[in-house]
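Report on one structure; see the data block that follows.
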Amino acid sequence: MTNWHSELHRILVLLGLCLVFGFVIDRVQIVLLLGLSAYTFYNLFQLRRLTQWVAKESHRNDVLPPEDGGIWGAIFDNIYKLQKQERLASDYLKGILNKAQESSAALEIAVVMINKQGTLDWWNRATEELLGIRYPNDRNQAVTNLIRDPRFADYFHREKYDQTLRIEAPTKGGRTLEFQLTSFGEHEKLMLVRDVTQLHRLEAMRRDFVGNVSHELGTPITVIKGYLETIIDHKDSLDPRWHKPLEQMRSQSQRMENIVRDLLVLSSIETRSAPRVQDRISLRDLIQEIENESQEIVNEKDHQLIIELDADIEITGQRSELYSALSNLVINAAKYTPKGGRITLRAALEGGDLKIEIEDNGIGIAAQHIPRLTERFYRVDPSRSAETGGTGLGLAIVKHILARHDAELEIESTIGKGSLFRCWIPKERLSSAR
Ligand code: ADP
């Protein structure tokens, strides 16, 4: 502001001098005209200096501004200060960008940015190796043209990306890649791709191992159990001291048989990929069958089994698997509910998806156990589970089967009050009953 005042002061002095001199020589207008012209030329001269300096500065950074007092000097200095601040900010941003680029180049994971048209915007170095994408040729190419596996196209066009996708690498055969998409901004996507070949092999080895071991154990256990039963049938001829150990051996061999059976089921679900031709399962018939088959345990424990069926539809999937998952949940409800309990099997449509609930008023499960229930061999109370003939594999089987049907499992429970197991089967797998 002080510069502005001194400039005003300068104009007033110039005008005053011109007026005085004009009066003295009796040529006020001409002298005023000359004085104002001189002032205009002075300003034009300063403007020229400014444009010259700005032009020089844009080519070569940090050229000092022209020296001047008054308002022009202030303008030069302020522009210089602003440019300096902007240069510092831009250097800082460049530094961050360089660091981000360097660190993303060092990553072994491929990072790809996909714009809302579904074409490639940016990617890091690992992408070129894992997906064979080349710069600049593949820029603005549709990602589904570059990764041609139909499973990728299905995954890419999903609305939610809560799961990852594993497929063979498009470049080198024999390698397995895991894709994870995330939406951000305005329908843009960030794609992360990892090489999981080693992990995939190890998982396959583990699956094969479990499958083989359970298969191999099946026969010896059946033989041991068979002989034990024959011996127990003739226990009267044995010393009574042996009665108790023999009973224990029988119950333990029964447990072993159950474990081996469940392990075989689990490993066959894990190793078999979903068949191309799937059944169309009538929900009504499926629930009817579960009701009939669970009558034995329900009656044995004096439970009341209530069926509430509000949807008459068909599910596309594997009948035997869905039967096994739902009956596992009903049997669990019966097992973990004290005598005379109430078990409800409910099915209804909600938001187009099918919701199947199995609710009991049994012992319930403490909150800290709920997230771990579907892990293999996880049991809340191992001794109680052993008593009920449990293997700790039932819910792991249920979870696997549901995942193979794109379905989800939710568990709600209050200790002492009961539990609710809810399965969500997505609308894509439903059709109206024939
Ligand atoms: P298990 O063969 O031991 O029943 P599951 O995998 O079927 O194994 O279940 C894991 C554990 O979850 C069980 O040991 C039990 O403690 C608990 N659980 C499962 N269902 C229920 C239920 N309806 N009510 C209470 N606890 C349950």
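What you are looking at is a predicted structure, and each value in this text was computed from that prediction instead of being measured. As the structure lists them, so they are numbered: ligands from 1, and atoms in each ligand from 1.
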Problem set entry | Options Ile411, Leu420, Leu329, Asp360, ranked by nearest heavy atom to atom 23 (N) of ligand 1, top entry | Asp360
Exercise. How does His369 reach ligand 1, if at all, at less than 4.0 Å between non-hydrogen atoms: by side chain, backbone, both, or neither?
Worked result: neither
Seminar exercise, completed: Partner of Asp360 under side chain to side chain contact (heavy atoms under 4.5 Å, CB included), picked from Val330, Thr337, Thr344, is Thr337
Problem set entry | Close-contact set for ligand 1 against Ala333 heavy atoms, below 4.0 Å | 23 (N)
Problem set entry | ligand 1 to Leu395 polar contact by distance, N or O atoms, under 3.5 Å | yes
Exercise. Hey, are Glu375 and Arg372 close enough for a salt bridge, meaning a charged N less than 4.0 Å from a carboxylate O?
Worked result: yes
Exercise. Looking at Phe156, is Lys189 sitting on its ring face, NZ or CZ under 6.0 Å from the six-membered ring centre and within 45 degrees of the normal?
Worked result: yes
Problem set entry | SB check Glu128 Arg125 (cutoff 4.0 Å) | no
For this session: Indicate yes or no: does Glu188 engage Lys116 in a salt bridge with an N to O separation below 4.0 Å.
Result: no
Exercise. Between the main-chain N or O of Arg342 and the side-chain N or O of Asn361, is there a donor-acceptor pair closer than 3.5 Å?
Worked result: yes
Problem set entry | Salt bridge present between Glu321 and Lys399 (N-O < 4.0 angstrom) | no
Problem set entry | Aromatic contact, Tyr155 with Phe179 (centres under 6.0 Å) | no
Problem set entry | Within-cut-off N or O pair, Gly394 and ligand 1, under 3.5 Å | yes
Exercise. For ligand 1, which atoms have a heavy atom of Lys335 less than 4.0 angstrom away?
Worked result: 2 (O), 4 (O)
Exercise. Less than 3.5 Å between some nitrogen or oxygen of Asn332 and one of ligand 1, yes or no?
Worked result: yes
Exercise. N/O of Tyr378 under 3.5 Å from N/O of ligand 1, yes or no?
Worked result: no
Problem set entry | Atom indices of ligand 1 within 4.0 angstrom of Arg379 heavy atoms, with elements | 3 (O), 14 (O)
For this session: Have a look at Phe421, Tyr336, Phe377 and point out the one with the heavy atom closest to atom 4 (O) of ligand 1.
Result: Tyr336
Exercise. Closer than 4.0 angstrom: is that true for some heavy atom of Ser419 and an atom of ligand 1?
Worked result: yes
Exercise. Is ligand 1 under 4.0 Å from a heavy atom in the side chain of Asp262, in the backbone, in both, or in neither?
Worked result: neither
Exercise. Taking only heavy atoms of Gly390, which atoms of ligand 1 are found under 4.0 Å from at least one of them?
Worked result: 1 (P), 2 (O), 3 (O)
Exercise. So is there a nitrogen or oxygen of Ile365 less than 3.5 Å from a nitrogen or oxygen in ligand 1?
Worked result: no
Exercise. Less than 3.5 Å between some nitrogen or oxygen of Thr391 and one of ligand 1, yes or no?
Worked result: yes
For this session: I would like to know whether Glu203 and Arg166 meet salt bridge (Lys or Arg N to Asp or Glu O under 4.0 Å); could you show each step before the answer?
Result: CA-CA 13 Å; Glu203 278 173 11; Arg166 275 193 194 180; 3.1 Å; yes
Exercise. Can you name the side-chain contact (heavy atoms from CB on, under 4.5 Å) partners of His215, sequence neighbours left out?
Worked result: Leu264
